[in-house]
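The figures that follow rest on heavy atoms only: side chains count, while hydrogens, waters and symmetry mates do not. This chain uses plain numbering: 1 for the first residue, then up along the sequence. Whatever order the structure lists ligands and atoms in, that order sets their numbers, starting from 1. Keep in mind the model is a prediction, meaning the values are calculated, not measured.
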Amino acid sequence: MEYISTRGKVAGIGFVEAVLMGLADDGGLLVPKHIPQVSQDTLAQWQQLSYPELALEIFSLYIDGEIPREDLKQLVNDSYATFRDQEVTPLRKVKDNLHVLELFHGPTFAFKDIALQFLGNLYSYISRKQNSIIHILGATSGDTGASAIEGVRGKEGIKICILHPNGKVSKVQELQMTTVDDANVLNLSVEGNFDDCQRIIKELFADVAFKQEYHLRAINSINFARILAQTVYYFYAYFQLANQGAATGAVNFSVPTGNFGDIFAGFLAKKMGLPVSKLILATNENNILERFVNEGIYQPGEFHMTYSPSMDIQVASNFERYLYYLQGEDAASVASLMDSFRQEGRITVSGDRLTQVQRDFTAASVENDDCLATIGQVHDDFGYLLDPHTACGVAAAGRFTAKGEVTVALATAHPAKFNEAIELIQIEQTFPPQIQAIFDKPQHQKLVDGSNDAVKEELLKFF
Ligand SMILES: *Cc1c(COP(=O)(O)O)cnc(C)c1O
């Protein structure tokens, strides 16, 4: 399988090189040259597979023999053996037409573990095979950082530096990152918001000489391996529904969205041939993506802090991947749109293009009050506690699930990670022991101002 850049200046690289490159050297994002197609027959063959077995099949389509199958199988098995639920991503029925796909049974209680346990093991494997150093650099709105650190802490040949916005992540998120005391981990707490962190990372990665000299590797969802890992649970949920007799045809998925990574994985699964009906894109008040789908204007708005901080994002780093398909895989037009985005601060689509966007996605923004009300209501009516991100998806699912349809709402985090919101509606939850345990541990982090130079300086000391 060959990978190419959405801006057309990188082509013909393999899967491993695409993973190592992260952001394409021309500033674009890497995508597979052709999307593998999954037939009805193959879907039927996959229906009874366990989660790791299914992941192995899907990964194999994209890795195409570059990693020997036995090695890949081991990587996959190791990555999902750390999950607390045997099913890895169990599906819970909340009510007749609504199922919640629990993606939070990994080590850090958020869905990021599904991709980052695998990516951590993959980096470690590549480092051993190529005898190369890997320096991971990433920005986090809270969950990616914890998950990425957990994926590589203590691993030989790997160092990891994570930037998070100072004071803008939840307490549990902060503790999960900063109580890790392995020497290969550096936490930088940046004065600014997540978009500042993400911009710094993007600019450091865009400096190709710096990136190569220091062997910088990405763990943000600009890395295609993350998208790939996330396609698996769309298939798995579909099969679970079919096996339970809960759905016969296409199903809807509702996805709480920030950087457009998770929902892009759903878009990819659909393009591969998974029968998906509506892809419901749920945002909080930071609703650039909702405005794009409903009005055709992609333009960052004012930054809001919400109860769902992992979605407090204005510039969605994966958006360009979707744009590539929207533009009919025409890299030159993506490059020129991204250029004008940089100059004018917006991208506008209209006419047939906008109709296509609205065929691909249905979008809603769910504001704070509605988010809390949804948590309270689902708790009262069904005895099920949602985290605030999942609640945005569930609220959006409620708006768009038509009679006779079935919607799977992706549960992206465990409610214990976001007790700040849960407390507000007087619900008392018991923390899982793994989370309770981190409250007493010492923290390790360094406060830096939000400039590339300040971050670079810390990086040079660390590497
Ligand atoms: C990261 C995250 C999201 C958003 O996912 P994207 O891939 O950035 O769209 C939603 N919910 C939680 C809990 C997250 O950690």
Contacts of Pro300 meeting side chain to side chain contact (heavy atoms under 4.5 Å, CB included) (sequence neighbours excluded), chain-then-number -> Ile288, Gln314, Val315, Phe341
Note to self: Restricting to side chain to side chain contact (heavy atoms under 4.5 Å, CB included), what partner residues turn up for Arg92, sequence neighbours left out?
What the structure shows: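 For Arg92 the side chain to side chain contact (heavy atoms under 4.5 Å, CB included) partners, ignoring immediate neighbours, are Asp85, Pro90, Glu102, His105, Tyr384.
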Scan for ring pair (Phe, Tyr, Trp, His ring centres under 6.0 Å) pairs involving residues 407-427, sequence neighbours excluded, and state none if there are none.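 Residue pairs passing ring pair (Phe, Tyr, Trp, His ring centres under 6.0 Å), neighbours aside: Phe104-His414, Phe109-His414, His389-Phe418.
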Report all N/O contacts between ligand 1 and the protein shorter than 3.5 Å as a table of atom names and distances to 0.1 Å; if there are none, say 'none'.
unit_1: ligand 1; atom_1: 7 (O); unit_2: Gly261; atom_2: N; d: 3.3
unit_1: ligand 1; atom_1: 7 (O); unit_2: Asp262; atom_2: N; d: 2.9
unit_1: ligand 1; atom_1: 8 (O); unit_2: Asn259; atom_2: N; d: 2.7
unit_1: ligand 1; atom_1: 9 (O); unit_2: Gly258; atom_2: N; d: 2.8
unit_1: ligand 1; atom_1: 9 (O); unit_2: Asn259; atom_2: N; d: 3.2
unit_1: ligand 1; atom_1: 9 (O); unit_2: Phe260; atom_2: N; d: 3.2
unit_1: ligand 1; atom_1: 11 (N); unit_2: Thr412; atom_2: OG1; d: 2.9
unit_1: ligand 1; atom_1: 15 (O); unit_2: Lys112; atom_2: NZ; d: 2.6
unit_1: ligand 1; atom_1: 15 (O); unit_2: Asp143; atom_2: OD2; d: 2.5

Is the backbone N or O of Gly151 less than 3.5 Å from a side-chain atom of Lys155, with the two atoms forming a donor-acceptor pair by type?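 Yes: the side chain of Lys155 pairs with the backbone of Gly151.
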_Donor-acceptor contact below 3.5 Å, side chain Lys278 vs main chain Phe400_ =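 Yes; judged by distance alone, with no hydrogens or angles, the pair exists.
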Tell me whether Lys446 at atom NZ has more than 12 heavy atoms from other residues, nucleotides or ligands lying less than 6.0 Å away.
no
